[in-house]
Amino acid sequence: MSAETTRTAPARPLRRAAVPLGVLAGVAAAFAYVGAVDPNEAGHYPACPLLSATGVFCPGCGGLRSAHALVHGDLGGALGANALAVAGYALFAVVWAVWAGRAMRGRPFGLSPGRVHLWTLGAVVLAFTVVRNLPFGGSLHP
């Protein structure tokens with residue numbers, strides 16, 4: 001087999017999926033760390049600067065507690081800590097699965113959300129942030 005033939009031969013599926021698998025390994029390592037080091041115990045992670053300065057919950061407040069609960073199989077606790085983060089984890093899982101599947105088949109993957117998608121995402125994050133800081137949004141507090 002010549003070098004010319006070797007260069008043009010299709011790559012193996014696992015080799016083509018190296019980048020998605022590397023991203024998954026990084027995310028799994030982060031979740032493993034958060035699962036091992038409890039964010040409910042003071043002193044392990046820095047406090048949210050917005051919450052510390054203003055008393056206002058940002059959209060990410062409770063995200064680490066949510067990840068910790070999810071790692072330990074507590075979906076209710078994860079949703080209670082930060083429902084938006086759980087939705088983000090689920091969205092990541094779907095996008096990653098599509099990306100990995102396409103990579104293994106040698107197909108390109110591109111994520112190009114349109115203007116409407118980005119404005120909708122921003123509106124959802126803003127609405128979540130506002131509602132969780134109103135008196136009737138107490139169920140969304142971390």
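This one's a predicted model, so the numbers in the text were calculated from it and none came from an experiment.
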Under a single-linkage definition using a 4.5 Å side-chain heavy-atom cutoff for Ile, Leu, Val, Met, Phe, Trp and Tyr, are [X] and [Y] assigned to the same hydrophobic cluster?
X: Leu24; Y: Met104; answer: yes
X: Val131; Y: Val125; answer: yes
X: Val23; Y: Val98; answer: yes
X: Leu21; Y: Val95; answer: yes
X: Leu126; Y: Phe136; answer: yes

Check your understanding: After noting the C-alpha distance and the side-chain angles of Trp99 and Trp96, does the key distance pass the side chain to side chain contact (heavy atoms under 4.5 Å, CB included) rule?
Key -> CA-CA 5 Å; Trp99 178 31; Trp96 183 88; 3.8 Å; yes
Point to revise | From OH (Tyr45) to CZ (Arg65), nearest 0.5 Å | key: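 If we round to the nearest 0.5 Å, Tyr45:OH and Arg65:CZ are 11.5 Å apart.
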Point to revise | Point-to-point distance, once rounded to the nearest 0.5 Å, from CG of Leu84 to SG of Cys61 | key: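 Going from CG on Leu84 over to SG on Cys61, the span is 12.0 Å.
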Could you pull out the closest heavy-atom pair between [X] and [Y], with the gap in Å?
X: Pro20; Y: Ala103; value: CG-CB, 4.0 Å
X: Ala47; Y: Ser52; value: CB-OG, 3.6 Å
X: Arg132; Y: Leu140; value: NH2-O, 3.0 Å
X: Ser66; Y: Ala78; value: OG-O, 3.1 Å
X: Tyr89; Y: Gly63; value: OH-O, 2.9 Å
X: Gly35; Y: His68; value: O-CE1, 3.2 Å

**Study point:** Arg107 backbone acceptor or donor facing Arg102 side chain under 3.5 Å
**Key:**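 It does not hold such a pair.
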Exercise for review: Please check if the side chain of His72 supplies one atom and the backbone of Ala69 the other of a donor-acceptor pair under 3.5 Å.
Suggested key: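 Here the side-chain-to-backbone pair does not exist.
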Exercise for review: Could you tell me whether the side chain of Val71 reaches within less than 4.5 Å of the side chain of Val34, counting heavy atoms only?
Suggested key: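 The answer is no, as the side chains (C-beta and beyond) never meet within the 4.5 Å cut-off.
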Practice item. Decide yes or no for Leu51 and Val56: does some side-chain heavy atom of the first lie under 4.5 Å from some side-chain heavy atom of the second? Key: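 No. Closest side-chain heavy atoms not under 4.5 Å.
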**Study point:** Non-neighbouring partners of Phe57 that pass ring pair (Phe, Tyr, Trp, His ring centres under 6.0 Å), sequence neighbours left out
**Key:**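 Phe57: ring pair (Phe, Tyr, Trp, His ring centres under 6.0 Å) contacts with His141.
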Exercise for review: In sequence, state the C-alpha distance, the side-chain angles, and the governing distance for Phe128 and Asn82, and then conclude on side chain to side chain contact (heavy atoms under 4.5 Å, CB included).
Suggested key: CA-CA 10 Å; Phe128 176 78; Asn82 191 324; 3.6 Å; yes
Point to revise | Full working for side chain to side chain contact (heavy atoms under 4.5 Å, CB included) between Asn40 and Leu64 | key: CA-CA 9 Å; Asn40 295 304; Leu64 288 175; over 6 Å; no
